[in-house]
There are 4 protein chains.
Amino acid sequence: MLRAAVLGATGYLGGELLRVLSQHPSLDVVLATSGRQAGATLGSVYPGLSRFSELVLSADADRADADVAFLALPATESMAVVPSLLERGIRVVDLGPDYRLKDPAEFRRVYGKPHADPGHLAEAVYGLPELGRDAIRSARLVANPGCYPTATLLAVAPLWRAGLVEGPIVVDAKSGTSGAGASPTPTSHHPEAAGTVWPYGTPEHRHLPEMRQALASAAAPAPPIVFVPHLVPLVRGILCSIYVRSTGPFDPLAFASVYARSYADSPFVRVGGVPRLPWAAGTNRCFLSVVSVGGAPVIFSALDNLGKGGATQAIQNANLLLGLEETLGLTQPGFAV
Amino acid sequence: MLRAAVLGATGYLGGELLRVLSQHPSLDVVLATSGRQAGATLGSVYPGLSRFSELVLSADADRADADVAFLALPATESMAVVPSLLERGIRVVDLGPDYRLKDPAEFRRVYGKPHADPGHLAEAVYGLPELGRDAIRSARLVANPGCYPTATLLAVAPLWRAGLVEGPIVVDAKSGTSGAGASPTPTSHHPEAAGTVWPYGTPEHRHLPEMRQALASAAAPAPPIVFVPHLVPLVRGILCSIYVRSTGPFDPLAFASVYARSYADSPFVRVGGVPRLPWAAGTNRCFLSVVSVGGAPVIFSALDNLGKGGATQAIQNANLLLGLEETLGLTQPGFAV
Amino acid sequence: MLRAAVLGATGYLGGELLRVLSQHPSLDVVLATSGRQAGATLGSVYPGLSRFSELVLSADADRADADVAFLALPATESMAVVPSLLERGIRVVDLGPDYRLKDPAEFRRVYGKPHADPGHLAEAVYGLPELGRDAIRSARLVANPGCYPTATLLAVAPLWRAGLVEGPIVVDAKSGTSGAGASPTPTSHHPEAAGTVWPYGTPEHRHLPEMRQALASAAAPAPPIVFVPHLVPLVRGILCSIYVRSTGPFDPLAFASVYARSYADSPFVRVGGVPRLPWAAGTNRCFLSVVSVGGAPVIFSALDNLGKGGATQAIQNANLLLGLEETLGLTQPGFAV
Amino acid sequence: MLRAAVLGATGYLGGELLRVLSQHPSLDVVLATSGRQAGATLGSVYPGLSRFSELVLSADADRADADVAFLALPATESMAVVPSLLERGIRVVDLGPDYRLKDPAEFRRVYGKPHADPGHLAEAVYGLPELGRDAIRSARLVANPGCYPTATLLAVAPLWRAGLVEGPIVVDAKSGTSGAGASPTPTSHHPEAAGTVWPYGTPEHRHLPEMRQALASAAAPAPPIVFVPHLVPLVRGILCSIYVRSTGPFDPLAFASVYARSYADSPFVRVGGVPRLPWAAGTNRCFLSVVSVGGAPVIFSALDNLGKGGATQAIQNANLLLGLEETLGLTQPGFAV
């Protein structure tokens with residue numbers, strides 16, 4: 001049994017990590033931290049949990065002795081603890097944004113602070129296994145992608161790399177409210193959120209630079225992306241409706257064929273008909289669908305923002321890091337309804 | 001045109017007061033106050049409003065010169081401003097709880113503070129017009145009932161007074177989340193509230209003493225009431241399912257006949273089939289229905305917590321206070337869906 | 001008092017017509033028809049209604065004697081009754097699609113039937129008052145626009161006519177489920193609809209030709225439009241997120257200035273910050289907002305599909321047809337929540 | 001590997017059976033039937049499923065060769081197929097109501113048809129393991145309880161048997177809409193169901209006789225139960241608020257102590273604070289909580305109507321029937337949100 005630590009165990013991503021890890025055959029949670037609820041048992045915080053329910057929440061990770069640490073901390077907090085974790089030989093999967101943007105200046109522009117750990121930033125590997133799992137296998141530090149970039153990149157990157165699409169790419173995302181985190185805010189107050197669809201993140205959502213970075217390459221910059229996230233009255237799930245331009249005459253079969261090739265060895269990505277969000281709930285799956293709307297290509301990408309968009313992808317990355325089978329502990333099916 | 005002031009104009013009850021008053025033919029809003037948003041126009045706070053949109057929110061009511069003041073303030077704040085308003089000759093409809101409980105000791109027990117204005121407390125009239133509108137017509141100060149007591153008392157009081165039912169009375173209430181107010185809390189955080197039915201208010205909800213007081217009389221104490229409110233994933237509306245015991249063999253027609261007699265002159269109370277909450281949305285109506293479940297009487301009572309359970313009932317009280325037609329400005333129909 | 005008939009009074013648009021007409025000072029409903037519920041009173045079908053509640057539903061409109069008839073019938077049913085209504089001197093506002101597309105061949109392509117009344121089709125006026133109310137004033141037959149075209153055209157037409165935008169225009173629409181009508185279907189089954197965002201209407205929604213026709217002119221064809229409607233778990237309301245390309249450098253103020261000019265005399269269109277759907281609920285209002293997302297223009301357009309997207313717009317058209325004040329009976333404000 | 005058949009695989013209970021069985025280490029689904037979708041693969045019907053996705057749906061169970069059959073059929077359909085299954089040596093867990101009521105006359109009264117298989121009715125064992133698992137272990141035919149009886153009986157039966165409570169017992173149940181099944185109806189039409197709380201099942205819900213039977217014994221009849229189910233705008237989950245009368249002075253600790261004794265060996269029943277429905281989603285757990293409301297006992301019981309209220313309880317029964325560990329394949333945790 002390998003040992004895992006979960007830092008930030010009482011946020012929604014932390015809770016989902018514990019939930020899924022409780023089904024993992026090769027990982028044991030030996031430490032869980034929480035600023036606000038230190039001293040409580042996991043069972044009292046998460047009565048739906050079975051395994052780990054006797055574990056007592058710690059205030060910090062100073063005593064962490066683990067094979068891997070999952071960091072589910074607010075933005076700009078991970079970079080303060082990663083150096084010490086790595087020094088102690090603990091591999092890290094950071095679910096926050098601190099190690100996603102390779103350019104420290106860009107990080108500063110987006111997150112409003114200078115990067116405190118530029119050395120490890122350079123070393124960190126972007127953890128979207130389906131777009132490149134080899135680098136993850138040998139990494140010490142993985143930057144787990146954001147929920148919106150995961151949904152968008154799985155849909156767009158193979159087509160963009162294959163030269164089938166060009167910009168501008170319009171990404172109209174609809175997200176459940178759990179993506180906004182466990183702290184009450186006016187936007188996520190039930191009477192406000194339950195009765196509308198709320199576009200936000202203008203003029204630029206923090207996840208956009210991450211998408212651009214992932215699509216750019218030595219050969220070419222990323223295409224222009226117009227990204228507008230919307231809160232919808234759901235708790236879990238993201239559906240991205242993605243409007244691209246075909247570089248040649250649009251052939252849905254050509255798109256499907258690129259997906260088939262790209263994801264032949266990626267069991268968590270499924271290509272088919274228009275997806276429903278319950279299929280993805282609590283899972284590490286992303287469902288893609290290509291349709292023609294008046295002759296133009298539209299792609300739907302669906303996942304659970306707490307699952308493939310967060311906690312389960314982090315576990316997938318940890319499996320790779322630790323030399324385990326990539327799908328270990330991640331085979332639970334979604335719901336029909 | 002009579003002049004109205006709305007104190008606490010940026011909470012949900014304040015907003016609903018302004019919305020409905022904007023359709024009132026004889027009342028003009030000349031003052032609206034807000035602690036947090038003083039200086040803003042009503043139109044910027046409520047873009048859905050037409051009339052009054054140029055009115056600028058004041059920080060307080062010191063300059064209030066009005067025929068009637070609606071107080072939509074947090075518990076224990078009204079009693080600090082009522083004396084000064086009455087002194088200036090302004091009639092008051094208090095939507096908060098400060099003047100509902102006649103016994104200052106009971107007020108202190110429930111709200112944790114001594115009553116600051118016991119003199120006016122004695123004078124205040126409980127504003128449930130359908131159970132006694134004469135006293136309201138000649139009052140200076142009306143205590144507008146709570147949302148749950150309104151729904152419960154309209155269903156229970158006539159039967160109790162007629163001797164048709166006895167206790168214990170079980171009131172299982174289901175409420176939309178707007179009843180909890182405009183300030184974000186963990187309970188009303190969308191990811192928490194949208195996925196469950198949440199019983200709260202144990203061991204005793206603050207509205208219970210108000211129900212007991214209204215059912216008690218010189219002749220007899222109130223029956224025991226077991227009251228459990230539940231938050232349901234809706235924004236507006238309360239459905240109370242009320243389980244009573246018939247003092248004799250249960251005859252639904254006898255119940256209906258008591259309602260018919262009691263509410264013959266009360267157009268806002270409607271008795272019929274099982275109600276749907278949209279019928280009441282934005283209105284001053286309460287829908288009652290009596291059914292037999294295995295031979296036992298069950299009563300459903302439905303209203304809009306922001307309407308008959310709050311703002312529109314306050315306007316009904318103001319109409320009475322000011323010698324206007326009781327239904328003035330309150331005839332808007334509910335929704336089918 | 002002018003007399004109105006409502007044909008198809010027991011669908012959602014019919015119910016909304018009756019609800020709003022019950023507040024209209026100059027229109028009386030003298031006839032309401034329903035295939036399924038003929039013989040019932042309106043009060044029994046709509047317990048939330050006050051006025052008209054004694055009116056008995058008729059099976060058909062044969063005896064219609066009215067100044068105006070509102071037709072809220074399924075697609076392809078209006079064209080069978082319009083000739084007879086017009087012959088009897090009754091003006092018609094058709095809320096269905098039968099008279100929207102001017103080209104009978106296009107009608108046949110989209111609705112799968114030849115047009116049964118091509119003569120009146122040529123005469124019918126497209127009833128979007130804010131884009132041209134003069135023709136409506138002198139019309140006998142008005143084709144009330146679809147809900148999606150209303151939301152889209154109010155946002156796009158002024159900009160397109162002013163030469164500020166070019167195609168392709170991406171319209172990502174999010175709609176409550178009441179737009180799908182009152183008949184249960186698998187798509188609108190609560191367990192299916194409540195847990196997902198459901199894109200539909202591919203490869204071409206029936207409302208697209210209507211949008212194209214309205215944007216085309218003698219001088220130029222319409223721009224390409226990629227239109228994807230999505231069902232979201234709400235009952236009422238449409239939010240369209242509209243992605244356009246600016247013909248020159250994008251200046252939000254220039255867009256706002258075109259709206260200001262175009263809608264100076266149109267009190268139902270409001271331009272401002274990002275809209276919330278409750279503001280529009282039950283009203284005839286459309287809220288527009290222009291934002292810059294990474295330098296690109298994005299427009300949000302919000303309305304109630306049963307209101308400005310249907311029933312209230314039909315009443316606005318009837319007001320114009322009958323020489324009444326355009327806003328008569330349509331001034332009710334929306335909700336804050 | 002033991003072999004299972006799922007009859008009625010395309011309803012919501014059938015889908016949930018397949019979802020959970022796909023995680024079961026000792027059961028393989030070898031046959032799945034569907035009237036409407038015979039010929040389709042399970043993967044095309046349930047894209048969220050992994051295992052079994054190649055299995056093709058059969059029209060009927062004639063060829064069934066299995067160790068256990070799960071029957072998720074409409075009421076009165078199971079009794080037509082059970083005799084043949086038992087004859088072929090197949091053990092049966094019937095998720096429908098056909099074998100729940102021991103008295104054929106009562107069955108006829110409630111379901112409107114004479115019982116077609118009274119012999120096996122006498123033999124059938126009521127499958128609520130926590131209230132008596134020994135009889136299940138040796139049964140050939142198990143009648144899986146209804147969702148409401150499961151939630152109610154787990155809360156009430158131990159207290160009733162211990163003599164702590166007396167009637168009348170008021171059960172106010174709030175259920176998600178998936179309990180109404182996969183076929184669209186007006187009641188479960190999203191625009192109708194999403195905006196209200198809908199009490200139904202009056203004057204007597206079909207599940208009431210089942211509750212009465214389970215509480216009655218040789219020594220005494222069941223207490224009177226007033227049972228009112230309500231649809232709430234959720235998909236999965238039941239919360240029962242249960243109002244009982246304490247036979248002596250109410251002591252919450254005495255109630256908790258009865259639960260602790262009764263469920264010491266029942267890991268799926270958890271007693272604690274007020275439960276949230278996501279904790280139970282997709283699981284076989286039932287959460288109980290006892291509170292004092294004004295001195296009176298109120299019990300909350302929460303489960304997933306498709307889980308412990310249906311499919312997972314059926315698998316628990318099958319585990320017992322087949323001599324497997326009771327919890328096998330049923331340890332997945334619920335959600336925090």
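Labels below follow one simple rule: chain letters A, B, ... track the order of the sequence lines, proteins then strands, and each chain is numbered from 1. When reading the values below, keep in mind they use all heavy atoms of this one structure, side chains included, and skip hydrogens, waters and symmetry mates.
With a threshold of 4.5 angstrom between heavy atoms, D:Thr331 approaches chain A through its backbone and through its side chain. Contact annotation for A:Val337: both backbone and side-chain heavy atoms come within less than 4.5 Å of a heavy atom of chain D. If you measure heavy-atom distances from A:Leu306 to chain D, the contacts under 4.5 Å come from the side chain alone.
The candidate from D:Tyr46, D:Trp279, D:Tyr12 with the greatest count of non-hydrogen atom pairs under 4.5 Å with chain A is D:Trp279.
Residues A:Gln23 and D:Gln332 share a closest heavy-atom pair of NE2-CA, 3.5 Å. Scanning both residues, A:Phe287 and D:Pro47, for their nearest heavy atoms gives CE2-O, 3.6 Å.
Side-chain atoms of A:Arg285 come within 3.5 Å of backbone atoms of D:Gly48 as a donor-acceptor pair (strictly under, hydrogens ignored).
Residues D:Arg270 and A:Ser50 have side chains in contact (heavy-atom distance under 4.5 Å, counting atoms from C-beta outward).
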